[in-house]
Peer 1: 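After the structure tokens below, expect a handful of questions from me.
Hydrogens, waters and symmetry mates are skipped; everything else that's a heavy atom, side chains included, is used. Keep in mind the model is a prediction, meaning the values are calculated, not measured. For the single chain, residues carry numbers from 1 onward in sequence order.
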Amino acid sequence: MKQFIYCLIAASAVLTFTGCSSTSPYDYGTNWLIRENDIPQFYARYDLFYIGKAPAGYGDTHDIQFNWTKTHTNDIFGRGVRVFAPEIQEPDVKNVTAALEYYLENFHKEGHPFILLAEGKSADLLYSAMQKVDGINVENGFIAAYLPDMQPKTAAQIAEDFYWDGLKAAANADDCGVIVTWTSCINNEKTAEMPNDVYNINPLNWQTDSTAATAAENIKAVFYMPEHKNIFWRKVEAKNFSGAVIDPAKGVLNINCPLPLLHVVNGRFTNNCISIFAGNIAANADRRTKNLIKAREWKSLK
């Protein structure tokens, strides 16, 4: 009998030791470019979970990546937003899923509003990660995922991919539990052929048709320019930067860019689509969050 008990104790010790050794790389602050940014959850309008990396040629130092991330989060969305931006050494679906899951399990409070943000290849990874984790739904506070320049999809495909969570492509400026995306094209540059009925929404007027938006509707663009020697000049803001219109025939959002085509590859302003529409994305995130809060207040009165 004692031998049996000793075996149980030994087995328990092994399991306990194994459990203690099972840690996540996101347990440590060094694996986050930004983690909470000193904003208590009680005061945060919403959480922002961001996946992104400065384009090749900008540099790959920790400072460059931090400043790029700060420009795309704190400098755009303001101090009333709690930011979570993991530093993912090998960007793939598995690692992005692990980071998103860690945020939801360790930092997110059930029902607290949160927004997801990425662009280009990072948007593809975040889209796939969203399909693998629990808690991406309106009941848990999910407002929207802003994923410009991810692989083009139809609205029907987006709804099918997130059928169980009830998510869909954004139809206007007000709905919640939505995917917000567009395929950018700079100054009618030649782009790859798009699928039929590809989904786009115009981030200046939040229309899904060919209603044109002028530069006057662009609140501001916010760019990070690491080539400036003075660190205080590396963040550049430009009001009324550009107009935009959806071209249904080409399946793209055509952007009238007034600046020389720096960093444009295959008709896209690489990893800067968030920057071009920064002010409008931030204002829309606030608007959608307020709509969810109002809807909850109305339900509580019934």
Peer 1: Students often mix this up, so state it plainly: with edges at 30° and 60°, are the rings of Tyr103 and Phe49 parallel, tilted or perpendicular?
Peer 2: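 Because their plane-to-plane angle lies in the 30° to 60° range, the rings of Tyr103 and Phe49 count as tilted.
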
Peer 1: Quick one: does any side-chain atom of Asn140 pair with a main-chain N or O of Glu110 as donor and acceptor, under 3.5 Å?
Peer 2: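 Not at all, since once roles are kept as given, no pair shorter than 3.5 Å links the two residues.
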
Peer 1: For residues Ile201 and Ala170, report the shortest heavy-atom separation together with the two atoms involved.
Peer 2: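 Here Ile201 and Ala170 meet closest at CD1-O, 3.7 Å.
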
Peer 1: Test of understanding: with side-chain hydrogen bond (donor to acceptor under 3.5 Å, both in side chains), list the residues that count as partners of Asp209, not counting sequence neighbours.
Peer 2: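 Only Thr211 meet the side-chain hydrogen bond (donor to acceptor under 3.5 Å, both in side chains) criterion with Asp209.
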
Peer 1: Is a side-chain N or O of Asn218 found less than 3.5 angstrom from the main chain of Leu204, in a donor-acceptor match?
Peer 2: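 Absent.
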
Peer 1: Look at the rings of Trp32 and Tyr102 and say which category their plane angle falls in: under 30° parallel, 30 to 60° tilted, over 60° perpendicular.
Peer 2: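 Trp32 vs Tyr102 ring planes: tilted.
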
Peer 1: Taking Asp63's backbone N and O only, do any of them form a donor-acceptor pair with Asn67's side chain (distance below 3.5 Å, no angle check)?
Peer 2: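 Between the backbone of Asp63 and the side chain of Asn67 there is a qualifying donor-acceptor contact (under 3.5 Å).
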
Peer 1: Supply the atom-to-atom distance Gln65 CD to Ile88 CD1, rounded to the nearest 0.5 angstrom.
Peer 2: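 If we round to the nearest 0.5 Å, Gln65:CD and Ile88:CD1 are 11.5 Å apart.
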
Peer 1: Evaluate the side-chain proximity of His62 to Leu33: yes if any heavy-atom separation is below 4.5 Å, no if none is.
Peer 2: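 When only atoms from C-beta onward are counted, His62 and Leu33 do touch, with a gap below 4.5 Å.
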
Peer 1: How are the rings of Trp68 and Tyr224 set to each other: parallel, tilted or perpendicular (split at 30° and 60°)?
Peer 2: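 Perpendicular.
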
Peer 1: With a 6.0 Å cut-off on the ring centroids, do Phe223 and Phe241 count as close?
Peer 2: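 Ring-ring flag for Phe223/Phe241: true, centres closer than 6.0 Å.
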
Peer 1: Let's go through Leu167 and Met130 carefully: what are the C-alpha distance in whole Å and the side-chain angles of both, what is the deciding distance for side-chain contact (heavy atoms from CB on, under 4.5 Å) to 0.1 Å, and is it a yes or a no?
Peer 2: CA-CA 11 Å; Leu167 309 186; Met130 290 172 62; 4.2 Å; yes

Peer 1: Determine yes or no for a side-chain-to-main-chain donor-acceptor pair under 3.5 angstrom, with Asp286 supplying the side chain and Ala283 the backbone.
Peer 2: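 Between the backbone of Ala283 and the side chain of Asp286 there is no qualifying donor-acceptor contact (under 3.5 Å).
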
Peer 1: Can you tell me how far apart CG (Asp124) and CE (Met150) are? Round to the nearest 0.5 Å.
Peer 2: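 CE of Met150 is found 7.5 Å from CG of Asp124.
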
Peer 1: For Arg35 and Pro86, indicate whether the former's side chain and the latter's backbone hold a donor-acceptor pair under 3.5 Å.
Peer 2: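 The answer is no, because no donor-acceptor pair under 3.5 Å joins these two groups.
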
Peer 1: Are Glu237 and Lys239 within salt-bridge range, i.e. N to O under 4.0 Å?
Peer 2: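 No, Glu237 and Lys239 are not salt-bridged.
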
Peer 1: To check you understand the geometry: which heavy-atom pair defines the closest contact between Thr181 and Pro148, and what is its length?
Peer 2: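 The answer is OG1-CA, 3.8 Å.
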
Peer 1: Does the Asn95 side chain pair with the main chain of Glu90, one donor and one acceptor, at a distance under 3.5 Å?
Peer 2: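 Yes, Asn95 side chain to Glu90 backbone: donor-acceptor pair under 3.5 Å.
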
Peer 1: Determine whether Val178 and Lys168 make a side-chain contact, defined as any pair of heavy atoms from C-beta on separated by less than 4.5 Å.
Peer 2: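 When only atoms from C-beta onward are counted, Lys168 and Val178 do touch, with a gap below 4.5 Å.
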
Peer 1: If only atom types and distance count, is the side chain of His72 paired as donor or acceptor with the main-chain N or O of Tyr50 below 3.5 Å?
Peer 2: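 Not a single qualifying donor-acceptor pair exists.
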
Peer 1: Using the ring centroid of each side chain, check whether Phe142 and Phe114 are separated by less than 6.0 Å.
Peer 2: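 Here the rings of Phe114 and Phe142 have centres that are less than 6.0 Å from each other.
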
Peer 1: Under 6.0 Å between the ring centres of Phe162 and Tyr127?
Peer 2: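 When the ring centroids of Phe162 and Tyr127 are compared, they turn out to be within the sub-6.0 Å range.
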
Peer 1: Between Thr154 (side chain only) and Tyr199 (backbone N and O only), is there a donor and an acceptor less than 3.5 Å apart?
Peer 2: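 Between the backbone of Tyr199 and the side chain of Thr154 there is no qualifying donor-acceptor contact (under 3.5 Å).
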
Peer 1: Short question: side chain of Asp149, backbone of Ser184 - any donor-acceptor pair under 3.5 Å?
Peer 2: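 Between the backbone of Ser184 and the side chain of Asp149 there is a qualifying donor-acceptor contact (under 3.5 Å).
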
Peer 1: Roughly how far apart are Asp247 CG and Met194 CE, rounded to 0.5 Å?
Peer 2: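 Reported to 0.5 Å precision, the distance equals 11.0 Å.
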
Peer 1: With rounding to the nearest 0.5 angstrom, report the CZ to CG distance, Arg288 to Leu292.
Peer 2: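 So the gap between those two atoms works out to 11.5 Å.
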
Peer 1: Kindly indicate, with the supporting measurements, whether the criterion side-chain contact (heavy atoms from CB on, under 4.5 Å) is fulfilled by Phe66 and Ile34.
Peer 2: CA-CA 8 Å; Phe66 169 76; Ile34 301 176; 4.0 Å; yes

Peer 1: Is it true that, when you exclude Asp174 itself, more than 12 heavy atoms of the residues, nucleotides or ligands shown sit nearer than 6.0 Å to its CG?
Peer 2: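 Check passes, neighbour count above 12.
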
Peer 1: Which is it for Glu217 and Asn202 under the side-chain contact (heavy atoms from CB on, under 4.5 Å) test, yes or no, and what are the steps along the way?
Peer 2: CA-CA 11 Å; Glu217 296 172 81; Asn202 190 329; over 6 Å; no

Peer 1: Out of curiosity, Ile246 CD1 to Cys185 SG, how far, rounded to the nearest 0.5 Å?
Peer 2: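 It is 13.0 Å, given to the nearest 0.5 Å.
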
Peer 1: Check whether any side-chain heavy atom of Trp206 lies under 4.5 Å from a side-chain heavy atom of Asn284, and answer yes or no.
Peer 2: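 A side-chain contact under 4.5 Å exists here.
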
Peer 1: Do Ile255 and Leu253 have side chains that approach each other closer than 4.5 Å (heavy atoms only, starting at C-beta)?
Peer 2: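 Of all side-chain heavy-atom pairs linking Leu253 with Ile255, at least one is under 4.5 Å.
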
